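Working notes, structure below.
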Amino acid sequence: MNDLPRRVWLEISLETLTRNYSKIAEAVAPCGVLAVLKANAYGLGVLPIAEALARAGASCFGVAEPYEALQLLPLGKPVQILSSVLPDEIEPMVAAGVTLPVTDRATAMRISSAALRCGRTATAHVKLDTGMGRLGILAQEALPVIEEAAALPNLRLEGIFSHFPYAYETGSELTNRQMDLFCAILEQAAARGIHFAKRHIANSDAINNFPRACRAPFNQVRTGINLHGSFDTAGRRALHVAPVLSLKTRLTAIRTLPPGTGIGYGHTYRLHRATRVGTVSAGYADGLPLALSNRGYLLIRGAPCPVLGRLSMDYATVSLESVPDAQVGDEVVCLGGSGIHALTVEDWAALKNTHPYEIICSFGNRVERRYV
Ligand SMILES: Cc1ncc(COP(=O)(O)O)c(C=O)c1O
């Protein structure tokens, strides 16, 4: 039973993924690349993605929280929590050898105490809030905390990092100011004999819009969405990365319905004439945006088939007027395809009035992840 192929699947090209990784690595060299694999590699399946990236040369991984960190440790690469750690999470993370963020003085002290109890040296990166307003030590308060943390036993401050809220906006003043603050803190720390082996601030937005964030004193970037060949909604798309994913399903029914037939919940579409319509086995539970209703299309045998009516949880109805030879069981491309009708994550994001991150992270649980 469990071997039954699923009706909806994501095809994820590991070859494209590793090509994307290499393009990013070449573009930012000599900076290193930390692959951001939080939220199950943005929903695409963390282990196959991490293994492929490790084979391509990725030297370290970033995640959001402890469970994600533990999943990746068996790969033998450094794993770093990029956001926050709760007090009770610290000791198990130190014992496991996960690199932790120092987001405040108390966290530094807890990491040091946990490391003493475990009889190990914990590795940590100081997290600065230079303008993100989410987590980390405020830039103006950073120096004394860094000095205290650097003096704590069994705590090695390997790195220092910060994050951008605005780096999609080429030339944005805030982004430049954040880097100025970061550099000033580096200099002040250096004057007190504190040096960080890893210094990083760039995310995908910055890699595409702020070359300054990818050169000295910075020596590492953190990228997530670009690995998957997608970009933020706004900003330049300097990197030539390609989409890694296609979302596919199958045609489950074909019927010719008479004029006047209302289609789906609310009858938001009514047939003007007798029409050959197809029922497709994917709906919003699989990640198709409700906004495709009466507005988008899916591809069958390479032809665009307009979505008729409101799509539902498990099904969408399409017109088959452009594919007279369509048959039950045919593959239906919901995202992907080639040529002028190719459907991209960015197209769906625009349709849904959201950003590509939400599209990639929103494929449903029953969608099989197939790595090709
Ligand atoms: C701290 C941090 N760094 C880097 C990234 C990677 O961002 P992106 O996927 O835009 O490259 C994220 C993701 O939101 C993040 O939270």
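Treat the numbers as computed from the prediction; the structure is a model and nothing was measured. Just follow the structure's listing: the first ligand is 1, and inside any ligand the first atom is 1. In this chain, numbering begins with 1 at the start of the sequence shown.
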Taking only Lys NZ, Arg NE, NH1 and NH2, and the carboxylate oxygens of Asp or Glu, determine whether Arg212 and Asp180 approach each other closer than 4.0 Å.
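Salt bridge: yes.
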
On a heavy-atom basis, which atom in Lys198 and which in Gln220 lie closest, and how many Å separate them?
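Shortest heavy-atom separation between Lys198 and Gln220 comes out as CD-OE1, 3.5 Å.
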
Closest heavy-atom pair and its distance - Leu298, Leu343
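For Leu298 and Leu343, the tightest heavy-atom pair comes out as CA-CD1, 4.3 Å.
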
Where does the angle between the aromatic ring planes of Tyr42 and Tyr357 fall among parallel (under 30°), tilted (30 to 60°) and perpendicular (over 60°)?
tilted

Going by the angle between their ring planes, with limits at 30° and 60°, are Trp348 and Phe363 parallel, tilted or perpendicular?
tilted

So, regarding [X] and ligand 1 (criterion: nitrogen or oxygen to nitrogen or oxygen, under 3.5 Å), is there a contact or not?
X: Val36; value: no
X: Phe161; value: no
X: Tyr357; value: yes
X: Lys127; value: no

Phe218 and ring pair (Phe, Tyr, Trp, His ring centres under 6.0 Å): which partner among Phe182, Phe210, Phe196?
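It is Phe182, the one option of Phe182, Phe210, Phe196 that forms the ring pair (Phe, Tyr, Trp, His ring centres under 6.0 Å) with Phe218.
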
Can you list the atoms of ligand 1 that are under 4.0 Å from a heavy atom of Arg134?
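Listed by number with element, the hits are 16 (O).
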
Which atoms of ligand 1 sit under 4.0 Å from any heavy atom of Ile225?
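Counting from 1, the qualifying ligand atoms are 8 (P), 9 (O), 10 (O), 11 (O).
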
Just by distance, do the side chain of Tyr315 and the backbone of Thr252 share a donor-acceptor pair under 3.5 Å?
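A pair under 3.5 Å: no.
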
Has Arg369 got a side-chain atom pairing as donor or acceptor with Gly43's backbone, closer than 3.5 angstrom?
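Checking the backbone N and O of Gly43 against the side chain of Arg369, a donor-acceptor pair under 3.5 Å is found.
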
Ligand 1 versus Tyr42, non-hydrogen atoms closer than 4.0 Å: side chain, backbone, both, neither?
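For Tyr42, only side-chain atoms sit under 4.0 Å from ligand 1.
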
Taking 4.0 Å as the limit for heavy-atom contacts, which would you say applies to His200 with ligand 1: side chain only, backbone only, both, or neither?
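Near ligand 1, His200 shows nothing, with every heavy atom at 4.0 Å or more.
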
For ligand 1, is there an atom lying under 4.0 Å from some heavy atom of Met132?
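No heavy atom of Met132 comes that close to ligand 1.
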
Could you check whether any heavy atom of Thr223 sits closer than 4.0 Å to an atom of ligand 1, since that is the contact criterion I want to use?
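Right, Thr223 reaches ligand 1.
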
Taking atom types as modelled, is there a side-chain donor on Asp232 or Asn208 under 3.5 Å from an acceptor on the other?
no

Which residue and atom name correspond to the protein heavy atom nearest atom 11 (O) of ligand 1, and how close is it?
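Of every protein heavy atom, Ser204 OG, 2.5 Å lies nearest to atom 11 (O) of ligand 1.
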
What is the closest protein heavy atom to atom 3 (N) of ligand 1, and at what distance does it sit?
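Closest protein heavy atom to atom 3 (N) of ligand 1: Arg222 NE, 2.8 Å.
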
Pick whichever of His228, Gln80, Lys38, His163 has a heavy atom sitting closest to atom 13 (C) of ligand 1.
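It is Lys38 that holds the nearest heavy atom.
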
